[in-house]
Amino acid sequence: MLILGIESSCDETSVAVVRDGAEVLSNIVLSQADIHAKYGGVVPEIASRAHTEAIYSLCEQALATPDLRSPPSRKGAEASGDKIMKIDAVAATYCPGLIGALLVGVNFGKALAYKLNAPFIPVNHIKAHVAAAYLLPPSQKGVPAGRGLKPPFLAFIASGGHTSIMQIDSYTDFKILGMTRDDAAGEAFDKTARAMGLDYPGGALIEKYADLNIEKTDIKIPFAKVEGSELDFSFSGVKTYIINYINTRRQKNGELPETEKYNIAAQFTDNIILSITSRIKRALEITGNKKLVCAGGVMANSHIKNALKDLCSRLNIELYIPDKKYCGDNAAMVAAQGFYEFQAGNTGGLSQNAFASADWFSQN
Ligand code: KG4
Ligand code: ZN
């Protein structure tokens, strides 16, 4: 089954074509990061307009893939030489995210589905981040879908807007076990980077700065505990501690030398790693899962990835982290989750709306 996926929940516009929820035929991603960088964060109205301008052309590029040759299962498709007619269903992110941005993808997707007389599948963005783990790396064709990964498993998603630990009992049943009480992990990276004078989005730059650090001089960042929960996260205190540290340091000694920024980046990363690995370890103990999926934009960070690999090898847990290109926002993961939502009968109609917050308790 060929699904055309659409992602437009924040500042990446993306369109992909994925076969049977696993094989990525195309995945075109256009980041708006440069447009938003001068404002120090995503401007929702500008994001919506940029999605509107980009989406049609990205859709054409995604369909230009040479490999749309699977026998079409949809009536009427055989006769058409038009590649779009080979698409069996259209999936788009409908929650959570920036409402104007989401509406661009949902409405484009519904219009396309209507033209094709094909089902429209609304997809929860966080579920899609998890489904990125089912996508086959292009070099490994012939390996079973998702490298054999099947629910049940524990999932940890860390992105610019979300940080949560979830129990995944089936491809479509997700139970939240812990989530951030304030900032998301990616948000903490971005705000700390801004305090250090780095560009938006700052996560990848903090990783580079941490790589360059030679010696860690202790700056005593406190470990953030959350009252009444072993599995919830809090990142705003860490971010504020670093911002205050930098401001005090600047007032005393002027502009921070680059080497000091490297040290801050390294210690901030260590603190985030401790916060993440301690909760995941506890969640594995509580649930007894033997498989762990970690995904979302923050999982592009090699320090965090390595710490999770160490943890999982010590605990004898199978760890699945999607390829870096599928960790950040992309439409291939939306098409992958769309495949399983379709199998479960979770399609939407032409009146399907978008929602800014996650809609865990309805069908999706
Ligand atoms: O999943 P994503 O692309 O978009 C959202 O759904 O939010 O995640 C974007 C977030 C940003 O906060 C970005 O700074 C962070 O992921 N990020 C990183 C790295 N690359 C991206 N954080 C830490 N280290 C990285 N290498
Ligand atoms: Zn995301």
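All of these numbers come straight from a predicted model, not from anything done at the bench. Only heavy atoms go into these numbers, but all of them, side chains included; no hydrogens, no water, no symmetry mates. Numbering of ligands and ligand atoms starts at 1, following listing order.
- Nearest to atom 3 (O) of ligand 1 among the protein's heavy atoms is D329 N, 3.0 Å.
- Put simply, C10 stays out of reach of the Zn ion (ligand 2), with no N, O or S atom under 2.8 Å from it.
- Looking only at heavy atoms of the protein, atom 22 (N) of ligand 1 is closest to G203 CA, 3.4 Å.
- Nearest protein heavy-atom neighbour of atom 7 (O) of ligand 1: G160 N, 2.8 Å.
- Of the protein's non-hydrogen atoms, the one nearest atom 21 (C) of ligand 1 is G297 O, 3.4 Å.
- The atom name of the N/O/S atom in H129 closest to the Zn ion (ligand 2) is NE2.
- Nearest heavy atoms, F235 versus T180: CD1-OG1, 3.9 Å.
- Between Y200 and D34, the side chains place no donor N or O within less than 3.5 Å of an acceptor N or O (distance only, hydrogens not considered).
- Using a 4.0 Å cut-off between charged nitrogen and carboxylate oxygen, E230 and R279 do not count as a salt-bridge pair.
- Not a single heavy atom of H162 sits under 4.0 Å from any atom of ligand 1.
- Neither side chain, E7 nor T13, offers a donor N or O lying under 3.5 Å from an acceptor on the other.
- Between H303 and ligand 1 there is no heavy-atom distance shorter than 4.0 Å.
- Residue contacts with ligand 1: C10 is excluded, as none of its non-hydrogen atoms falls under 4.0 Å.
- Ligand-side atoms of ligand 1 in range of G161: 7 (O), range being under 4.0 angstrom from any heavy atom.
- With a heavy-atom cut-off of 4.0 Å, H129 touches ligand 1 through its side chain alone.
- For R49, the CZ atom is loosely surrounded, since the number of other residues' heavy atoms within 6.0 Å does not exceed 12.
- The aromatic rings of H125 and H162 sit tilted relative to each other, their planes meeting at an angle between 30° and 60°.
- Residue contacts to the Zn ion (ligand 2): H162 brings no N, O or S atom closer than 2.8 Å.
- Protein heavy atom at the shortest distance from atom 24 (N) of ligand 1 is N301 ND2, 3.0 Å.
- Between F339 and Y171, a ring centre-to-centre spacing not shorter than 6.0 Å is recorded.
- Side chain to side chain, H303 and D270 fail the donor-acceptor criterion of an N or O pair below 3.5 Å.
- Ion pair K175/D169 not flagged as a salt bridge, since none of the NZ, NE, NH1 or NH2 atoms sits closer than 4.0 Å to an Asp/Glu carboxylate oxygen.
- D329 has its closest N, O or S atom to the Zn ion (ligand 2) at the position named OD1.
- Nearest protein neighbour of atom 26 (N) of ligand 1, counting heavy atoms only, is E207 OE1, 2.8 Å.
- In the model, Q267 has no side-chain atom that pairs as donor or acceptor with a side-chain atom of T269 under 3.5 Å.
- There is a side-chain donor-acceptor pair under 3.5 Å between E318 and Y320.
- Residue, atom and distance of the protein heavy atom nearest to atom 13 (C) of ligand 1 are D190 OD1, 3.7 Å.
- Of the N or O atoms in G186, one or more lie within a sub-3.5 Å distance of an N or O in ligand 1.
- Listed by number with element, the atoms of ligand 1 under 4.0 Å from a non-hydrogen atom of G328 are 3 (O).
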